[in-house]
Amino acid sequence: MTDETKTPDKFTIINELARRRGFFWQSYEIYGGASGFVTYGSLGARLKQNIEKKLRELFVNKLGILEIDSPIIAPSKVFEASGHVDHFKELMVECLKCKRQFRADNLLREFAKIGESEAEKLSLKEVKEAIEKHEIRCPECGGTFGEPKYFLIMFKTTIGPYSDAVGYGRPEAAQGIFVEFRHLYEMAREKLPFGVIQIGHALRNEISPRQGLIRWREFTIADLEFFFDPEEPNCYLLKDFENETLPLVLAENKLRGSEEIVKVTVKEALTKGYIKAEWQAVFMALAKKLLVDFGVPAEKQRFIEKLPWEKAHYAVQSFDQEICVERWGWFEVSGHAYRTDYDLKRHMQFSGVDMRVFKEYEKPVERKRTVVKPLMAKLGPVFKEDAANVAEMLSEADPEEVEASIKKNGYYMLGKCKVLPEYIEIACQKVKERGRKFVPHVVEPSFGSDRLVYVTLEYAYRVKDGRAILSFPRDVAPIQVGVYPLVSKNGLPERTLQIHKTLLDEGFMAEYDEAGSIGRRYARADEIGVPLGITVDYDTLKDNTVTVRDRDSWKQVRSRVEELPQLLRKYFRWKADFEDLGKPFKG
RNA sequence: GCGGCCGUAGUCUAGUUUGGUUUAGGACAUCAGCCUGCCACGCUGACGACCCGGGUUCAAAUCCCGGCGGCCGCACCA
């Protein structure tokens with residue numbers, strides 16, 4: 001512990017390296033900086049693009065998930081419907097004496113024995129009264145509390161010049177998908193299951209976004225909403241993933257105070273009921289593989305289940321995918337929530353738009369249905385001018401209820417009107433139902449893009465002979481290949497620039513560097529994670545061969561210049577290893 | 001938001017205690033030139049800083065106040 005100040009941890013090292021080499025830094029430095037905002041430089045921006053490209057390759061290309069790009073600002077109604085206006089806030093009280101701030105619901109739960117769900121429902125006034133009634137004092141200094149206040153985590157703004165048009169910055173990209181469900185369902189050719197992904201910025205006005213990288217006020221989120229029929233929750237990919245192991249930390253164990261990791265296969269997790277939805281289990285397996293592709297070994301990953309009161313308002317079950325990082329231990333990179341039909345139902349309620357889908361049965365089902373037929377010949381004389389109204393209301397009434405009431409009481413009360421059995425005919429009709437309408441369920445894997453960038457950096461970082469190396473997986477490295485003249489004279493730079501240009505033309509991210517000695521250039525390239533270095537020497541001018549150097553092993557092979565494009569292409573698609581790029585070479 | 005500590009070039013740092021002796025010194029990095037036949041060689045030169053705003057004083061990197069930012073602790077993280 002005492003050595004901590006002497007040996008900076010990886011987080012500090014990564015941040016320094018990131019800043020020095022232009023991966024990212026804190027925004028608005030010239031005005032003193034603003035906490036929670038970060039700017040990516042050219043290397044970081046490209047690293048992040050490559051990481052997001054991998055997400056797209058997996059979800060969009062391979063699984064056929066639709067990608068959309070929707071606005072960041074939404075009218076307030078959207079987040080009223082989603083529940084964020086009500087839930088995405090904290091009720092805080094401040095101690096008047098020591099000025100410490102506390103979450104009101106925590107205090108009430110602890111000192112007034114008010115249940116979790118109850119505590120959350122209380123209004124400002126009720127909280128104030130409860131605090132007074134139970135004489136809750138500051139647990140730190142015994143002081144009294146001031147007025148409870150809400151802190152809304154969403155950024156609020158106005159849309160257009162009229163201040164009554166309130167809007168919010170989205171705290172998640174998911175709502176952009178739910179509100180467009182009708183269009184998207186159509187785009188998916190009206191078939192379930194289907195998924196939609198959105199990768200974009202989200203805003204959260206965090207109370208105190210410290211620790212540079214991990215809690216930002218503006219960040220990139222990749223929300224994937226996967227819609228399925230709750231009556232057909234089976235996942236057609238299950239057979240491909242059922243034997244993948246998932247390291248789970250279950251809520252039931254957490255409640256006992258244990259963070260024991262239970263290693264189960266996807267199949268076991270489902271049969272044992274640890275994970276409620278097949279699709280969710282499969283997405284968790286995919287998320288695990290994805291992180292392995294970013295350089296995080298499986299042993300450094302876990303999925304921790306959220307306790308009932310830790311869960312978001314929309315979820316019935318939620319796991320966080322966590323990665324072991326040096327500074328904080330377990331660090332969330334993705335969340336996997338079973339959101340059921342919560343969001344679509346809420347948007348149905350608030351917008352009045354039907355979000356249900358129709359699914360045709362294989363065979364139409366014949367169903368008996370009780371119907372109430374008003375007999376106008378009887379109703380007319382009794383109700384006169386109201387007769388038409390009564391008839392309409394009768395047809396809207398629940399037939400079962402009407403029938404039951406008549407059986408029990410001998411009449412049915414429709415508002416003020418007493419409906420006698422002779423006014424109506426209760427018939428049993430056979431109806432053919434061709435299908436059913438229902439609101440789809442949703443499982444949501446949601447990745448923090450920036451956090452993926454961080455863990456990729458931390459797991460890529462290593463030190464060899466006192467030199468820092470970022471051993472990025474070759475397909476996320478921001479620069480693919482460095483091109484160097486062995487010395488910058490005698491025609492070598494000219495030839496090197498030709499090769500550099502060829503590689504650029506072939507679509508590679510190639511960088512030319514002739515500054516300083518060759519060793520210095522290799523060291524610089526290693527530090528920003530360039531997987532391959534191509535060096536042009538005097539032999540190149542004679543036989544058109546170059547050396548290719550591997551970032552991680554520092555080994556070299558000799559290859560023909562004209563073969564480089566196809567060799568490199570294979571290498572970056574993992575179709576060839578470094579040794580396949582040429583003949584061993586000793587410089 | 002609160003409390004403690006802190007803020008000198010891209011980075012690390014000298015100077016701050018005791019205000020003036022400093023055109024604020026050094027190292028690394030960067031750039032230019034020389035050198036360089038495969039892993040941060042060397043030489044010459046260049047660029048580059050007292051977080052911001054007030055105050056005290058003849059004089060402020062140095063003392064005081066406020067703000068911003070950082071680290072740690074508390075709290076917070078649907």
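Keep in mind that the numbers below use all heavy atoms, side chains included, and drop hydrogens, waters and symmetry copies. A note on names: the letters A, B, ... follow the listed sequences, proteins ahead of strands, and every chain is numbered from 1.
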Residues passing the side chain to side chain donor-acceptor pair (under 3.5 Å) test with Asn544(A), sequence neighbours excluded, are Arg495(A), Glu562(A)

Integer-rounded Å distance: C77(B) C1' and Arg217(A) CZ:
12 Å

C38(B) base / Tyr522(A) side chain donor-acceptor hit below 3.5 Å:
yes

Indicate, with a heavy-atom threshold strictly under 4.0 Å, whether Lys586(A) touches base, sugar-phosphate, or nothing.
nothing

Is the distance from the ring center of Phe226(A) to that of Phe283(A) below 6.0 Å?
yes

What residues, two or more places apart in sequence or in another chain, satisfy salt bridge (Lys or Arg N to Asp or Glu O under 4.0 Å) together with Arg170(A)?
none

Nearest-Å distance for atom pair CZ/C1', residues Arg524(A) and U30(B)
9 Å

Taking N and O atoms by type only, does the side chain of Asp537(A) place a donor or acceptor under 3.5 Å from a partner on the base of C38(B)?
yes

Return the nearest nucleotide to the side chain of Gln26(A); candidates are A40(B), G69(B), U36(B).
G69(B)

Residues forming a side chain to side chain donor-acceptor pair (under 3.5 Å) with Asp513(A), sequence neighbours excluded
Arg524(A)

Quick one: label Tyr314(A) by what it contacts on the DNA or RNA (base, sugar-phosphate, nothing), any heavy atom closer than 4.0 Å.
base

Selection residues 32-46 of chain A - residue pairs positive for salt bridge (charged side-chain N to carboxylate O under 4.0 Å, His left out), sequence neighbours left out:
none

Mind checking side chain to side chain contact (heavy atoms under 4.5 Å, CB included) for Thr220(A) and listing every partner two or more places apart, or none if nothing turns up?
Lys48(A), Glu52(A), Ile199(A), His201(A), Ser449(A), Asp450(A)

Here the distance between atom P of C77(B) and atom CD of Glu322(A), to the nearest Å, is 16 Å

By side chain to side chain donor-acceptor pair (under 3.5 Å), Lys583(A) pairs with (sequence neighbours left out) none

Partners meeting side chain to side chain contact (heavy atoms under 4.5 Å, CB included) with Ala251(A) (sequence neighbours left out):
Glu305(A), Leu307(A)

I want to check one thing: is the phosphate of C35(B), taken as OP1 and OP2, less than 4.0 Å away from some side-chain N or O of Lys489(A)?
no

Roughly how many Å is it from CG in Asn15(A) to C1' in G70(B), rounded to a whole number?
12 Å

Give me, pair by pair, the N or O atoms of the protein and of nucleotides 47-53 of chain B that are less than 3.5 Å apart, along with how far apart they are.
none

Given atom CZ of Arg21(A) and atom C1' of C28(B), what is their separation to the nearest angstrom?
13 Å

Rounded to whole angstroms, how far apart are CD on Glu514(A) and C1' on G33(B)?
12 Å

Between protein and nucleotides 8-12 of chain B, what N or O pairs are separated by less than 3.5 Å?
unit_1: U11(B); atom_1: OP1; unit_2: Arg19(A); atom_2: NE; d: 3.3
unit_1: U11(B); atom_1: OP1; unit_2: Arg19(A); atom_2: NH2; d: 3.3

Where the side chain of Tyr538(A) is concerned, which of A40(B), C72(B), G37(B) is the nearest nucleotide?
G37(B)

Close N/O contacts between protein and nucleotides 41-45 of chain B (under 3.5 Å):
unit_1: C41(B); atom_1: OP1; unit_2: Arg520(A); atom_2: NH1; d: 2.9
unit_1: C41(B); atom_1: OP2; unit_2: Ser517(A); atom_2: OG; d: 2.6

Among residues at least two apart in sequence or on other chains, which ones pass side chain to side chain contact (heavy atoms under 4.5 Å, CB included) with Ile73(A)?
Thr157(A), Ile159(A)

Is Gln556(A) touching bases, backbone alone, or none of the nucleic acid, heavy atoms closer than 4.0 Å?
base

Measure CH2/Trp216(A) against C1'/C76(B) and give the value in whole Å, please.
20 Å

Is it the case that atom NZ in Lys311(A) sees more than 12 heavy atoms from other parts of the structure closer than 6.0 Å?
yes

Which part of the nucleic acid does Arg549(A) contact within heavy-atom distance under 4.0 Å: base, sugar-phosphate only, or nothing?
base

Can Arg558(A) and Thr545(A) be said to form a side chain to side chain donor-acceptor pair (under 3.5 Å), step by step?
CA-CA 6 Å; Arg558(A) 192 136 198 125; Thr545(A) 62; 2.7 Å; yes

For Arg19(A), all residues meeting side chain to side chain donor-acceptor pair (under 3.5 Å), sequence neighbours excluded
Glu29(A)

